[in-house]
Amino acid sequence: MDYSFNEIEEKWQKFWQESKIFSARPDLKKKKYYLLEMFPYPSGKIHIGHVRNYTIGDAAARFKMLDGYNVLHPMGFDAFGQPAENAAIKNKTKPDVWTSKCIDWMKIELKKMGFSYDWDREVSTCNSDYYKWNQWIFLRMYEKGLVYKKASSVNWCASCETTLANEEVIDGACWRCHTNVELKDLEQWFLKITEYKERLLEDLTWLKDWPQRVLAMQANWIGKSEGLEIYFRLKDSTQPAGSGLASDSQSHKPAGSGLASSGQSQKIIPVFTTRPDTIFGATYIVLSPEHPLIKEIIKERPQEREVLKFIEKVSKENKIARLKEDVKKEGVFTGAYAFNPVNNEEIPIWVAPYVLMEYGTGAIMAVPTHDQRDFLFAREHGLAMKIVIQRTESGEQRTEELTSAYEGDGIQVNSAQFDGLPNQEAKLKISQWMQNSGIGKIQTHWRLRDWLISRQRYWGTPIPIIYCEKCGIVPVPCEDLPVELPKEAPFTGKGGSPLAKVKEFTQARCPKCDAQSLRETDTMATFFDSSWYFLRFCSPKFEKGPFEAEAVKYWMPVDQYIGGIEHAILHLLYSRFFTKFFKDMGMIESNEPFTRLLTQGMVLKDGEVMSKSRGNIVDPDSIIKKYGADTLRLFILFAAPPETELEWDDRGIEGAFKFLNRVWRIQDNLKEKASPALVKILHKTIKKVTEDFEEFKFNTAIASLMELTNAIYLFGADREVFSKLIILISPITPHFSEELWQILGNKESIVKADWPPSDPNLLVEENITIIIQVNGKVRSKIEVSADIEEDKLKEIALSDDKLKPWLQNKPVKKLILIPKKLINIVV
RNA sequence: GCGGAAGUGGCGGAAUGGCAGACGCGCUAGCUUCAGGAGCUAGUGGGGCAACCCCUGAGGGUUCAACUCCCUCCUUCCGCACCA
């Protein structure tokens, strides 16, 4: 008979809920442990990915509880967002009704898994007692100058009819619907995340317990590159230089350059480089086709028409086409020349799409000998090359012999007074020298852009701003919060600001002058909501602010955060930004929100990601029905380590179920007293399982629990041994363990049990097996007492009969003895 | 191209310098059962009758000893990307 998981699971779920056993309270006498799993979007059904994420978290949380920690393990719902609007239209209901229904279903499913959440702390971001604080935070940021509105070219998804943050554009397409993103000029709200770029980058080194790849992805995204902006003077064109520096665009004006007053040709082309050490090898300049100076420098030149045609052609190509290999070498000569500021050589100016307007200054100095892209371009168009860095290991090279650019380190040559210096040193010296001479400026470029947060959607937090004809942009005073989202709006699933069509919403009085005014009708990106929910969990019902200082002081930072790798950039970067902002406001002490991060791997079926279109979805609910939640939990933790991908296997589930039944049946055959051999195995298992749990190695912890079970079948367990096994497995299979715990006569929940310590005396072996190798190959094993003397052991080993064929007539050259492990005889 | 992770039986995986393949799935045999897609026990990397030999993506190195450390290369997955 299989154990009756249905009955048992329901019984204990009810008990946990009614006893509020997982309610967390600050307690200064205990060590706190804040364990958090990324909260879900309430789609209505939990999928296998949720199950894996939350099972890993739950096993860890329950282990920490037993191990004596005061554990905070909350759950909530990231409830705003576009799918609710689409679903509401499809099902002819309202987003709030649909969302709360989904939350209800989802909670039922989460409870069926037996997760140890403190449900009293549940938050949903779509409730006004939550999003009120979104608005409050927005206003605080506004006061600090971290929120601004700007007309700019923004990413626009025509299908969703809304704007997107840079982080939401994946391969030039909308992250949600994969429609190609277009650029649109709009007035939008931005958060100045760039204000924090240095700290967001530097503090990554502080996050020692984050996966390397997440740190790398964040660093990559912030994209710091240090270098030099160099000013190239344009050679006088045939026409009189009518336009001076004043006509140049603001951003390209060389700040502090003494050249502006020199009276000759004033036109300056700034370029950005990370390799100032190669400046003497710059043999041409390339402008991006979008560069604003092009039209001026080609005016009335023979090349004018050709260049314009080229630009026209390039502008029609999309970004992806521009990256194609054969397009890479395309380019056209402008007819104009500039002077290399370090040696006054005349170098030609080209236009090519391999230079991007978005990065640096939109112009580069090309050094074909030391940059592979420049090399390919120069070879294609027959442009000059000049070696300025000599490889140290090989002799002198000639430019004609080059088959590729040399991008490594070496010694400066053809570089005037810098000849003979190692290039890394020259890099610094040249930068300094050029900066002092006013022909360069040491600069740092960043990839990170400010965060666009306006969305033209209904189901989100209204941005708390009022537009008054007289006073302009006026923030809503805090006492007027929340700006409630109206219950109804004519949303279509498309954008076009549904709120703009709700008169009762748009009409407002100016807080300053009381004049009839209009409300902002954009809502906030939902990533705003999830950037601080971990703080709200510390005091979810606090009414005087987004969170209570004392509660946050006790619980923060999150000791262990668990979630999917897909949030490696967006959510984690934004949360780090918010945390730093709150710290600067003096509201919290932590500088970083998440001390440890675990990114769990995906669940695959037949080697592929589960998806509706592939039709390979495993529905957690049907597994629970067939085997129970404990079996599902056990399988998911056993099948693979948490960080790696997990291959779903129906037979594996069966195996997990079989194991639980095997443990269940132990109760029928308990002995009066277990053998010392079994007790020893138990204590070894305790040690191993404890260590494994601490490192989230659940798969090997389970393996050693299976070994213990196998040993029990061999030797027969007593109540003591069986009880300990039940506690050890309880973080993984909580219902099952509660039931057996009760059957064993315990009155209190197993949640309140103590994690068993392993007795060091029982871990000591009296007899140990020593491996004997000859020339590194295992030839024999001997069993000896653990405290045997080394000489005696050597003697026994050398006289071992099994070794005779290997030792015959050969002198022993060397003998390696590793205490308690092995002997290696070298002959 | 840059950055990150990985490559071990038929499969999921274990071992972080010291017995390669723990544990499980699958498979094989036996026992048990009226019967079983249940349970129990044993076996199960490859070659060889055997003694033995071979085996952790490939090749080299360090070491008494290498899945593990170092070098070169290959492959796969993920992120970024003509980022100057």
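Chain naming here is simple, since letters A, B, ... match the order of the sequence lines and numbering starts at 1 in each. Since this is a predicted model, take the numbers as computed values, not measurements.
The pairing partner recorded for B/G26 is B/U44, the criterion being a Watson-Crick or G-U wobble arrangement whose two distances lie under 3.5 angstrom. Base pairing of B/G39: its partner is B/C31, meeting the Watson-Crick or G-U wobble criterion (both donor-acceptor distances under 3.5 Å). Pair check for B/U62 finds none; no Watson-Crick or G-U wobble contact set falls under 3.5 Å. When Watson-Crick and G-U wobble pairs are counted only if both distances are under 3.5 Å, B/C19 pairs with no nucleotide at all. The partner of B/A5 is B/U76, judged by Watson-Crick or G-U wobble contacts that both fall below 3.5 Å.
Nucleotides B/C67 and B/U44 place their C1' atoms 22 Å apart, quoted to the nearest Å. Nucleotides B/G48 and B/C53 place their C1' atoms 8 Å apart, quoted to the nearest Å. Taking the C1' atom of each, B/A15 and B/U56 are spaced 11 Å apart, rounded to whole Å. Comparing the C1' positions of B/U16 and B/G30 gives an interatomic distance of 40 Å, to the nearest angstrom. Taking atom P in both B/U28 and B/G46, one finds a spacing of 15 Å when rounded to whole Å. For the C1' atom pair drawn from B/G9 and B/C74, the interatomic distance equals 22 Å after rounding to whole Å. Rounded to the nearest Å, the gap between the C1' atom of B/G45 and that of B/C11 is 13 Å. Across B/G21 and B/G43, the matching C1' atoms stand 16 Å from one another, rounded to whole Å.
We find that CG of A/Asp371 is positioned 13 Å from P of B/C2, with the value rounded to whole Å. Here B/G12 presents its P atom at 19 Å from CG of A/Leu637, a figure rounded to the nearest Å. One interatomic measurement links the two molecules: CG of A/Leu646 to P of B/G12, which rounds to 11 Å at whole-angstrom precision. Rounded to an integer number of Å, the gap from CE of A/Met602 to P of B/G12 is 17 Å. B/G4 atom P lies 19 Å from atom CG of A/Leu572, rounded to whole Å. Atom-to-atom, CZ of A/Phe657 to C1' of B/G37 comes out at 13 Å; the value is rounded to the nearest Å. In this structure, CD of A/Gln212 is placed 11 Å from P of B/A6, rounded to the nearest angstrom. Nucleotide B/G37 holds its C1' atom 12 Å from the CG atom of A/Asp2, rounded to whole Å.
Ring centers of A/Phe272 and A/His445: under 6.0 Å apart, within the cut-off. Proximity of the aromatic rings of A/Phe698 and A/Phe693 is defined here by a centroid distance below 6.0 angstrom, and this criterion is met. In this structure, A/Trp648 has its ring center closer than 6.0 angstrom to the ring center of A/Phe635.
At the heavy-atom level, A/Pro211 lies nowhere under 4.0 Å from the strands shown. Counting non-hydrogen atoms under 4.0 angstrom, A/Phe659 reaches nothing in the nucleic acid.
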Nucleotide N/O to protein N/O under 3.5 Å, stretch nucleotides 76-80 of chain B:
residue, atom, partner, partner atom, Å
B/G79, N2, A/Asn220, ND2, 3.4
B/C80, O3', A/Arg447, NH2, 2.8
B/C80, O2', A/Asn220, OD1, 3.4

List every contact pair, protein side and nucleotides 21-29 of chain B side both N or O, where the distance is under 3.5 Å.
residue, atom, partner, partner atom, Å
B/G24, OP1, A/Asn710, ND2, 3.2

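Remark: A/Arg447 is positioned above the aromatic ring of A/Trp221, its terminal NZ or CZ atom under 6.0 angstrom from the ring centre and at most 45 degrees off the axis.
The listed nucleotides are B/C83, B/U41, B/A84; the one nearest the side chain of A/Tyr713 is B/U41. Ranking B/A5, B/G39, B/G18 by closeness to the A/Arg665 side chain, first place goes to B/G39.
Considering A/Asp374, A/Thr273, A/Ile285 in turn, A/Asp374 is the only one that fulfils the side chain to side chain contact (heavy atoms under 4.5 Å, CB included) rule with A/Ile364. Screening A/Phe657, A/Trp664, A/Tyr627 for a ring pair (Phe, Tyr, Trp, His ring centres under 6.0 Å) involving A/Phe5 leaves a single residue, A/Phe657.
Listed by chain and number, the residues in a ring-ring contact (aromatic ring centres under 6.0 Å, His included) with A/Phe310 amount to none (sequence neighbours excluded).
In terms of phosphate contacts, A/Lys802 brings no side-chain nitrogen or oxygen within less than 4.0 Å of OP1 or OP2 of B/C52. Taking 4.0 angstrom as the limit, A/Arg373 places a side-chain polar atom (N or O) nearer than this to OP1 or OP2 of B/C83.
Along RNA chain B, the nucleotide closest to A/Ser225 and the one closest to A/Pro641 are compared, and the more 5′ of them pairs with A/Pro641. A residue-by-residue look at A/Asp374 and A/Thr644 shows that A/Thr644 has its nearest nucleotide of RNA chain B further toward the 5' end.
Taking syn as a glycosidic angle within 90° of 0, B/G43 does not qualify and is anti.
Between A/Leu798 and A/Leu815 the shortest side-chain heavy-atom distance falls below 4.5 Å.
Between the CD1 atom in A/Ile825 and the CZ atom in A/Arg779 there is a gap of 11.5 Å [rounded to 0.5 Å]. In this structure, CD1 in A/Ile222 is found 9.5 Å from CG in A/Asn220, a value given to the nearest 0.5 Å.
No donor-acceptor contact under 3.5 angstrom links the side chains of A/Glu168 and A/Asn155, judged on distance only. In this structure, a donor-acceptor pair under 3.5 Å is present between the side chains of A/Asn710 and A/Arg662.
In the interface, the side chain of A/Lys814 is not paired with the base of B/C64 through any donor and acceptor atom under 3.5 Å apart.
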